[in-house]
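Single-structure report; data block below.
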Number of protein chains: 2
Amino acid sequence: MQDILFNFISKYITLTEEEKNTLLSLNLFHSVKKGTVLLAQGQSTNNNYFVLKGCIRVYYIIDGEEKTTAFYTELEGVTPHCAINKTPSEYYVGCVEDSILLVSNDDMSVEVNNKFPKFDTMCRMLSEELLAKQRMDFDEFKTSSPEQRYLNLIQKRPDLIQRVPQHQLASYLGIKPQSLSRLRARISEKKG
Amino acid sequence: MQDILFNFISKYITLTEEEKNTLLSLNLFHSVKKGTVLLAQGQSTNNNYFVLKGCIRVYYIIDGEEKTTAFYTELEGVTPHCAINKTPSEYYVGCVEDSILLVSNDDMSVEVNNKFPKFDTMCRMLSEELLAKQRMDFDEFKTSSPEQRYLNLIQKRPDLIQRVPQHQLASYLGIKPQSLSRLRARISEKKG
DNA sequence: ACAACTCGTTCACTTAAGTGAAGAAAGAGG
DNA sequence: CCTCTTTCTTCACTTAAGTGAACGAGTTGT
């Protein structure tokens, strides 16, 4: 599991053995059961969640309905909005599958960043990468129909369709579960 | 016009007179006529555009149809995707109104960042702020209907509805101009 | 002043998504 | 193994968005 982490980091910066050990000494690894709510609406946290194995999601509850807006799988992470601006969270963060997460908080970040300035560099690279990726996703979402979005998802994240419940996928695509069913039927009719 | 810029910067960092003069010496200010295409699909640039006065937009042309995905008005800016990863641009950047822009490029950024490391700090703050804001916008878009999105826009950016052509607004809301017309009629019927 | 264009609205019609209900299928727990 | 629950699909019906066409208002250019 540690290898997965260090492998990921090595894409951005190079770590010495000493630095690796410092990281490991922070006790970042957490095993989380499917269904666990990591952060609830109205709560506050300064934790960051990074997925080493498994899947977590961000969702809202609006008029009693769950609306999923994001999935994070292997080597993706969330910094909840409330961790940045110290306000109660507007959304939930939940565990879709049994997962192994890297949970860090501000204190740790400050500590690590002080010891190893390269970490700062990595964070900046990551956040730029993320910003660009998110803008692309947003543009794609805006410029396509639900059906196109679904076909797109099949191309870009085929794993999600297998591992995530349909009703969560539906709201991720901006529609109701019934519409997703219909849409799938429509597509397989065209093909077959 | 310079005051507007320095006022904005002062929210993040404090500049000396010398630093201000260095900035001014770079000749960043540009006057741009309504309708001007700053960046075309397929083209490449390493310019950043920051709006001091006026309005610019990002749009795609898909199957011969314009799809506007973003508007930038006073004190907002774009760094086109192609400026980051040196690929041809997937979208257009155009001028909605006669505008005064601050146009900078990578060379300038490097130069300024070398001279004044605080600029680095400001850029990081800006990009974090932007990332958070964009995520909120995306979540909001996903979790609401076209009508809700329009009502929301009235609350959050009432100026846009006045200064931007309806057909551009429509695609920004993810619908066709005809649907926006209908939607507006529906709303004013409810109110009156 | 006139023609050409752009823009917003309206209409009739089509297509797809929302809604509420019901039932089949798959999983979880005892 | 059976029960309870969650998840997915299907159906009939409603509502809203897409489509293609037409019209009037406002602009631009000559």
Side-chain angles (χ1 to χ4, degrees), chain A residues 33-37 55 57 59-68 71 92 94-98 141-154 160-190 192, chain B residues 33-37 55 57 59-68 71 92 94-98 141-154 160-190 192:
Chain A
K33 279 260 164 276
K34 169 178 174 175
T36 307
V37 175
C55 179
R57 65 190 251 260
Y59 61 103
Y60 294 71
I61 295 187
I62 298 174
D63 296 333
E65 257 185 317
E66 263 188 29
K67 306 243 186 180
T68 300
F71 293 104
Y92 294 80
C95 210
V96 177
E97 302 171 345
D98 291 354
F141 192 93
K142 264 193 191 163
T143 57
S144 37
S145 66
E147 182 167 332
Q148 287 172 314
R149 294 202 279 263
Y150 178 71
L151 291 170
N152 223 302
L153 197 65
I154 293 178
L160 273 192
I161 290 153
Q162 302 308 320
R163 65 205 289 194
V164 161
Q166 297 292 314
H167 67 278
Q168 289 176 16
L169 261 190
S171 72
Y172 181 67
L173 295 169
I175 56 176
K176 304 284 163 189
Q178 295 94 318
S179 297
L180 178 55
S181 269
R182 207 166 23 198
L183 186 156
R184 280 153 64 92
R186 208 160 60 217
I187 290 171
S188 70
E189 207 171 72
K190 281 182 198 164
Chain B
K33 278 261 165 275
K34 170 178 175 175
T36 307
V37 175
C55 179
R57 65 189 251 260
Y59 61 102
Y60 294 71
I61 295 186
I62 298 175
D63 297 332
E65 255 185 316
E66 264 189 27
K67 307 241 185 182
T68 299
F71 293 104
Y92 294 79
C95 210
V96 177
E97 302 171 344
D98 290 356
F141 192 93
K142 265 192 190 167
T143 58
S144 38
S145 67
E147 183 168 330
Q148 287 173 314
R149 293 201 281 262
Y150 178 71
L151 291 170
N152 222 303
L153 197 66
I154 293 178
L160 275 191
I161 291 155
Q162 302 308 321
R163 66 206 288 192
V164 161
Q166 297 292 313
H167 67 277
Q168 289 176 15
L169 260 190
S171 71
Y172 180 68
L173 294 169
I175 56 177
K176 304 282 162 190
Q178 296 94 321
S179 298
L180 179 55
S181 268
R182 205 165 24 196
L183 185 157
R184 280 153 65 92
R186 211 160 57 215
I187 289 172
S188 71
E189 208 170 71
K190 282 181 198 165

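Note that the coordinates shown come from a computational prediction; the quantities given were computed from them, not determined experimentally. Throughout, protein chains are lettered first and strands after them, A, B, ... in sequence-line order, and every chain is numbered starting at 1.
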Stacked cation flag B/Arg184 on B/Tyr150, 6.0 angstrom / 45 deg: no
Atom-to-atom span, CD of B/Gln162 to C1' of C/dG8 - whole angstrom: 14 Å
For the student: nearest non-hydrogen atoms of A/Cys55 and A/Val164, plus distance: SG-CG2, 4.3 Å
Separation between OG of A/Ser144 and CG of A/Leu151, rounded to the nearest 0.5 Å: 10.0 Å
Interatomic distance where CG belongs to A/Leu173 and C1' belongs to C/dA16 [whole Å]: 15 Å
Spacing of CD belonging to A/Gln168 relative to OG1 belonging to A/Thr68, to within rounding of 0.5 Å: 4.5 Å
Enumerate all atom pairs, one protein N or O and one N or O from nucleotides 27-30 of chain C, separated by less than 3.5 Å.
none

cation_pi(A/Lys142, B/Phe141) dist<6.0 Å, angle<=45: yes
With A/Asp98, the salt bridge (Lys or Arg N to Asp or Glu O under 4.0 Å) member among A/Lys34, A/Arg163, A/Lys33: A/Lys33
Contact pattern, 5' to 3', of nucleotides 17-23 of chain D - B, S or - by protein heavy atom under 4.0 Å: BBBBB--
Whole-Å gap separating P (C/dG8) and CD (B/Glu66): 12 Å
Separation of D/dA16 P from B/Gln148 CD (nearest whole Å): 12 Å
Gap between atom OH of A/Tyr92 and atom CD of A/Glu66 - 0.5 Å precision: 9.0 Å
Whole-Å distance separating the NE2 atom of A/His167 from the C1' atom of C/dA25: 16 Å
Spatial distance of atom CG (B/Leu180) from atom CD (B/Gln178) [nearest 0.5 Å]: 10.0 Å
Separation of D/dA16 P from B/Leu180 CG (nearest whole Å): 15 Å
